[in-house]
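Every number for a ligand or one of its atoms is a count from 1 in the order of the listing.
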Amino acid sequence: MRAVDIIQKKRDGLALNKEEIEWLIEGYVAGTVPDYQMSAFAMAVYFKGMTTEEISHMTMKMVQTGQQFDLSAIPGIKVDKHSTGGVGDKVTLVLVPLVASFGVPVAKMSGRGLGHTGGTIDKLESIKGFQIERTQEEFIQQVQEIGLSVIGQSDQLVKADKLLYALRDVTATVDTIPLIASSVMSKKIAAGADAILLDVTVGEGAFMKNIEDARRLARTMVDLGNAVGRKTIAVITDMSQPLGTSIGNRLEILEALDILKGQGRADVTEFICELAQIMLKLANVDQTIEAIHAHLSNGQALAKFEEMVVAQGGDLEELHRPVKVDQVLEVTADHDGVIAALPAMEFGLFAMRLGAGRAVKSDPLDYETGIVFDKKVGEHVKKGERIARIFMNEKNSQESVTEFKKNVKILERAESVKEIIEIIS
Ligand code: URA
């Protein structure tokens, strides 16, 4: 077989067979198919797509290119969760301990942020001492002992995705359904959970810009998971504006703590409780939203989170301290009205430039910086009222407020946005 023939076949819009796909992935991981051919292949997929069968062959071959976690030593149904990426997305930080507080074990591997999106692992690492590296044995032991663990994705997991994702990132081939579906599902299948909740984000700050594409991606991934015996449900969620009130690593930890104490914004709290209900259902545990909510207000979910922080070396006092920055700038409304748009991508990039995110993988992070919004889309503001605060460690204050304001749209009327748009099961 030759890579050029496979690329040409895909370029011409034909479906590849199992052997061709397996040969290509195997060769890429072995280094016999070079980056330049793999990037031509990724671009051909971008334009011509893949059939369900091709995506399934690609996913299962990718799973085999690394370690496959065996979580069978942990009793019960293990449920995993994955988001296709967002801005201000602190859902995992709350959802994992909330679900674990009902006795459902959660053994989760998470990733780092890049560009406008944040990553759970970076947020956890902003807690002094928190260790995100664990051997498979330590990871399993912690879940057996306290019911939850969130660690960084093992280097040994789906080597094909590690290589291919980095290549896609620099060849403008990330945002295509077959490659996102195979990337996400190969990792979820290899990570070993029995059931999977997928959060497929849609909107300006997500890879999927419209609901039809989000539905297609969700359906593709749900079918892939179910076909290999992993009960899979997807929720399509809004990413037209940042999630919740904060963007930034420690700022998001603090918001997650507020939600865990039952003191978070009502809409985000409701949203996370709904996701928790689905995750619990995947583990055959039926709970009402009220019962789930109660685990926030009575401290049970927070206690689970703190248990995990301690088990992974984190400092509990440091966990609750406010952020330390050189300055906090206030952004106020220029006129009365309703917030009509807070584009997630723009604010994700704004936070990235403050140091909260990475433009390239090797960039260091400033854990303390970021944004806290007082107002979200659909909410009224009066002239001079505060819309947001910018937490920063640099001096270009005026420039920052002006730049920030360019992205805040205030109109006479605007609708609020619902977090969960659709559930695909
Ligand atoms: N998240 C992933 O893990 N992979 C993708 O391709 C896109 C988002």
Query raised in the report: Honestly, is Lys123 close enough over Tyr367, meaning NZ or CZ under 6.0 Å from the six-membered ring centre and within 45° of the axis?
Result: no
Query raised in the report: Would you say Arg168 and ligand 1 have an N/O pair spaced under 3.5 Å apart?
Result: yes
Query raised in the report: When only distance counts, is Tyr165 in polar contact with ligand 1, meaning an N/O pair under 3.5 Å?
Result: no
Requested in this report: State whether the shortest distance between N or O atoms of Ser83 and N or O atoms of ligand 1 falls below 3.5 angstrom.
Outcome: no
Report task. Take Asn407 and Leu342, measure what side-chain contact (heavy atoms from CB on, under 4.5 Å) needs, and give me the verdict at the end. Result -> CA-CA 6 Å; Asn407 293 307; Leu342 294 172; over 6 Å; no
**Report entry** Sidechain N-carboxylate O distance under 4.0 Å for Glu255, Arg265
**Finding:** no
Query - Polar contact flag, side-chain donor to acceptor under 3.5 angstrom, Lys81-Thr92 - result: yes
Query raised in the report: Can you list the ligand 1 atoms lying under 4.0 Å from a non-hydrogen atom of Val184?
Result: 1 (N), 2 (C), 3 (O), 4 (N)
Query - Nearest neighbour in protein (non-hydrogen) for atom 8 (C) of ligand 1 - result: Phe207 CE1, 3.6 Å
Query - Atoms of ligand 1, numbered as shown, that sit under 4.0 Å from any heavy atom of Lys187 - result: 2 (C), 3 (O), 4 (N)
Requested in this report: Identify, for atom 4 (N) of ligand 1, the protein heavy atom at the shortest distance, and state residue, atom and that distance.
Outcome: Ser183 OG, 2.6 Å
Report task. Assess the side chains of Gln241 and Glu204: does a donor N or O sit below 3.5 Å from an acceptor N or O? Result -> no
Report task. Look at Asp122 together with Arg358 and state whether they make a salt bridge at an N to O cut-off of under 4.0 Å. Result -> yes
